[in-house]
Amino acid sequence: MILLTLTNVSKAFGMNSILENVDLTLQAGSRLGLVGVNGSGKSTLLKIISGELEPDSGTVSLTRGTRVGMLTQDADIQSDLTIQQELERVFEPVREMERKLRAMEGEMAQVHDDPVAFEQLSGAYQRLTDRFEDAGGYEWPSRIQGVLAGLGFARGREQQPANLLSGGEKTRLCLARLLLTQPELIMLDEPTNHLDLKSVEWLEDALRKYRGTVIVISHDRYFLNSVCDCMAELSMRRLTQYEGNYDRFAVQRQANIERQLKEYKLQQAEIARQQAIIARYRMYNREKSIRAAESRERRLEKLERIEKPQTEQKVRFTFEARRRTGDDVLFVRDLSKGFEGRTLFENFDLHLRAGDRVAVIGPNGVGKTTLLNIITGRLSADHGTVVYGSNVDVGYYDQLQSGLHPEKDVLNELWDDFPRLELDRVRGVLALFLLTGDDVYQPIGTLSGGERGRVALAKLMLRKDNLLVLDEPTNHLDMDSREVLEDALQDFDGTLLTVSHDRYFINRVATRVIEMRPDGVTEYLGNYDDYLEKKRLEESGESEEQLAGKTRTQLDKEKRRERLKKETARQREQRLKALEKEIADTENEAARLESSMADPEVYRDGEKAQQVALAHREAQERLEALYEEWAELEDA
């Protein structure tokens with residue numbers, strides 16, 4: 001069933017057009033991830049869907065009776081209620097039923113000698129009890145405690161006044177209230193901004209189980225992969241929908257751009273060919289050739305021109321080291337630090353070798369940024385030593401960008417640190433980070449968080465240090481910029497130490513993960529997914545073989561390979577031939593369905609579009625399974 005439809009929605013603020021002819025169809029129960037560069041209109045679109053803003057043109061249609069709840073980035077709470085009372089307000093209808101039940105129990109005790117009155121009251125009491133149970137009357141206190149714990153509110157804070165919370169805590173409380181309300185359509189604008197990893201994982205699980213429909217704006221690609229089953233991108237004021245999670249969206253988007261560019265080039269070549277023929281006909285200057293030229297010109301005029309694909313500009317940069325380090329880059333031994341009698345961490349050890357890629361993770365407040373400040377010499381330790389190897393040049397990216405000067409303009413912020421560079425070179429570097437034209441004369445203090453982050457990265461790139469220490473480097477960066485940063489770090493020939501909450505980033509760049517906890521520190525080989533798997537094995541107490549590094553999936557694959565080896569060569573050859581035919585048939589089916597998905601006639605029928613999209617997704621999943629089996633047979 002279609003829950004939400006947007007048709008030709010447009011919105012402008014003054015002369016600045018934000019949305020143009022936006023179409024969107026969303027099925028009930030879907031989890032849609034909405035992405036786009038900063039300023040592309042994502043939050044505006046959510047406000048139009050919620051009714052907070054009116055579109056300049058177009059229509060927004062919601063299924064009758066749909067309740068819409070929205071979490072904004074600037075959620076605030078002004079009341080004098082406590083945290084507990086704020087959340088109890090959600091259940092006021094249920095609590096009113098409970099008060100009526102208590103009152104009815106008192107009335108029943110008074111009329112127990114009157115059978116008729118008692119029977120009438122008993123019937124009404126039973127009907128109200130049924131309604132009370134259906135509304136979750138016995139569950140709401142535990143639901144409140146579960147949401148508070150999941151979103152990182154420590155037990156005992158329930159009676160704290162809500163208006164005294166920090167901005168991030170108020171946003172978390174608004175999110176808790178929204179999840180407890182359970183509207184049919186829930187819209188979340190950057191819900192993970194103020195959550196630690198444990199709370200983000202809890203929220204992912206809650207949204208996957210959510211009974212309603214979800215639209216979420218997020219720069220957290222791991223979160224989008226985990227939660228979303230469809231995606232939509234706002235780019236150049238237009239919206240494009242895709243099936244699948246973020247990874248599938250990224251592949252499909254690139255394929256679409258390449259296909260559109262190919263179609264554009266082919267059409268341009270055909271137009272040029274026709275124009276050359278027309279020019280030759282006119283050159284002959286005969287009546288017959290002129291008529292032929294005019295006929296071709298009319299056909300060209302009627303031709304529906306394919307627009308050249310346009311994409312948002314991307315930053316472009318690389319990191320390189322001006323000299324090599326020795327094999328040993330950094331020794332941290334027995335490091336401890338505390339503030340005002342509270343110990344953040346103690347007995348911390350770390351050994352970095354040349355080329356290492358280490359990510360430090362842990363809950364907020366455990367001392368990750370403090371650790372980096374000690375390693376880079378910005379803070380002193382209470383105990384322990386930090387020793388660098390030979391030829392180590394340290395480059396530090398501060399998530400607060402405290403090394404930037406608010407009063408300087410962008411150009412001089414860079415030029416003052418690198419005065420030997422020519423002006424054209426400085427402007428060229430800034431252009432790589434999308435800071436061009438008059439943008440370079442803006443004071444640092446007026447820039448957005450993303451723009452300041454790009455300035456800091458530009459300075460870091462020019463330093464050419466061989467040890468990069470990065471504190472939350474993806475904060476404030478849009479998705480495309482994050483991916484360029486990841487590519488640059490993967491190609492970097494130096495050593496990397498980073499603190500990050502961005503699990504997708506950690507997966508792409510890290511080869512070791514250090515988990516800092518209030519009760520200690522543990523190191524894991526591999527990226528974030530490897531860390532999760534090893535944590536799961538530790539918690540489940542599985543075998544030493546698995547704890548040594550083999551996941552359950554890997555063990556299952558090994559068992560299948562052993563089985564395949566026992567089959568005869570003839571059996572394997574027959575199965576390979578059958579698989580190849582099945583793969584070819586499935587590829588043809590997937591291609592046919594993909595063509596249908598591009599047919600405008602299909603998208604005019606919402607139910608048919610959903611069926612075709614579902615069939616295409618199933619074909620792709622079947623194809624992946626066939627390829628995996630084919631690869632295993634080849635290995636065997």
Q: Assess the side chains of S199 and R172: does a donor N or O sit below 3.5 Å from an acceptor N or O?
A: no
**Q.** Ionic contact status for E98 with K100, cut-off 4.0 Å
**A.** no
Q: May I ask you to check whether Y242 and F249 place their ring centres under 6.0 Å from each other?
A: yes
Q: Please determine if R508 and D247 form a salt bridge, counting it only when a charged side-chain N lies under 4.0 Å from a carboxylate O.
A: no
(Q) Checking side-chain polar atoms at under 3.5 Å, does H501 have a donor or acceptor matched by the opposite partner on N364? (A) yes
(Q) Under a 3.5 Å distance rule, please check whether T192 uses its side chain to pair with a backbone N or O of L195 as donor and acceptor. (A) no
Q.
For R31, is there an ion pair with D229 - N to carboxylate O distance below 4.0 angstrom?
A. no
Q. Are D471 and K368 close enough for a salt bridge, meaning some N to O gap below 4.0 Å?
A. no
Q: Would you sort out whether E20 and S17 count as a side-chain hydrogen bond (donor to acceptor under 3.5 Å, both in side chains), showing the intermediate values?
A: CA-CA 7 Å; E20 289 183 3; S17 178; 3.1 Å; yes
Q) Which distance, rounded to the nearest 0.5 Å, do you find between the CD of Q126 and the CG of L121? A) 13.0 Å
Q: Go through the steps for E589 and E618 under the test side chain to side chain contact (heavy atoms under 4.5 Å, CB included), then give the verdict.
A: CA-CA 11 Å; E589 182 186 357; E618 290 173 347; over 6 Å; no
Q) Got more than 12 heavy atoms from elsewhere within 6.0 Å of CZ, R155? A) no
Q | Side-chain H-bond candidate by donor/acceptor type, D189 with S43, under 3.5 Å | A | yes
Q) Between atom CG of N16 and atom CD1 of I18, what is the distance when rounded to the nearest 0.5 Å? A) 4.0 Å
Q | Evaluation steps, side chain to side chain contact (heavy atoms under 4.5 Å, CB included), between Q399 and H476 | A | CA-CA 9 Å; Q399 64 166 313; H476 308 299; over 6 Å; no
Q. Salt bridge between E92 and R89, side-chain N to carboxylate O under 4.0 Å?
A. no
Q: Indicate yes or no: does E233 engage K42 in a salt bridge with an N to O separation below 4.0 Å.
A: no
Q. Would you find a donor on one side and an acceptor on the other, under 3.5 Å apart, between the side chain of S218 and the backbone of D220?
A. yes
Q.
Checking the side chain of Q85 only, and the main-chain atoms of T82 only, is there a donor and an acceptor separated by less than 3.5 Å?
A. yes
Q: Verify, without hydrogens or angle tests, whether S40 (side chain) and M236 (backbone) share a donor-acceptor contact under 3.5 angstrom.
A: no
Q: Spell out, as yes or no, whether a donor-acceptor pair under 3.5 Å connects the side chain of S30 to the backbone of L26.
A: no
Q.
Any carboxylate oxygen within less than 4.0 angstrom of a Lys/Arg side-chain nitrogen, looking at E538 and K535?
A. no
Q) Is the side chain of K47 donor-acceptor paired with the backbone N or O of E54 at a distance under 3.5 Å, no angle test? A) no
Q | Nearest-0.5 Å distance that lies between atom SG in C230 and atom CZ in R248 | A | 11.5 Å
Q.
Whether the side chain of S226 engages the backbone of Y222 through a donor-acceptor N/O pair (distance < 3.5 Å, no angle test) should be reported.
A. no
Q: Quick one: do E184 and T213 satisfy side chain to side chain contact (heavy atoms under 4.5 Å, CB included)? Show the steps, please.
A: CA-CA 6 Å; E184 285 75 25; T213 304; over 6 Å; no
Q. Between K209 and D205, is there a salt bridge with N-O shorter than 4.0 Å?
A. yes
(Q) Working to the nearest 0.5 angstrom, can you tell me the gap between L197 CG and E204 CD? (A) 9.5 Å
Q. Side chain of N527, backbone of N507: donor and acceptor closer than 3.5 Å?
A. yes
Q | Pair K198 + E201, salt bridge at N-O below 4.0 Å | A | no
Q: Under the ring-ring contact (aromatic ring centres under 6.0 Å, His included) rule, what do Y138 and F132 come out as? Steps first, then yes or no, please.
A: CA-CA 8 Å; Y138 297 115; F132 180 73; 5.1 Å; yes
Q. Do side-chain atoms of S10 reach the backbone of N21 as a donor and acceptor pair under 3.5 angstrom?
A. yes
Q) Any sub-3.5 Å donor-acceptor pair from D23's side-chain atoms to N8's backbone N or O? A) yes
(Q) Using 0.5 Å steps for rounding, measure from the SG atom of C228 to the CD atom of E243. (A) 12.0 Å
Q | Check: N163/D80 side-chain N/O donor and acceptor closer than 3.5 Å | A | yes
(Q) With rounding to the nearest 0.5 angstrom, report the CG to CG distance, L188 to L46. (A) 9.0 Å
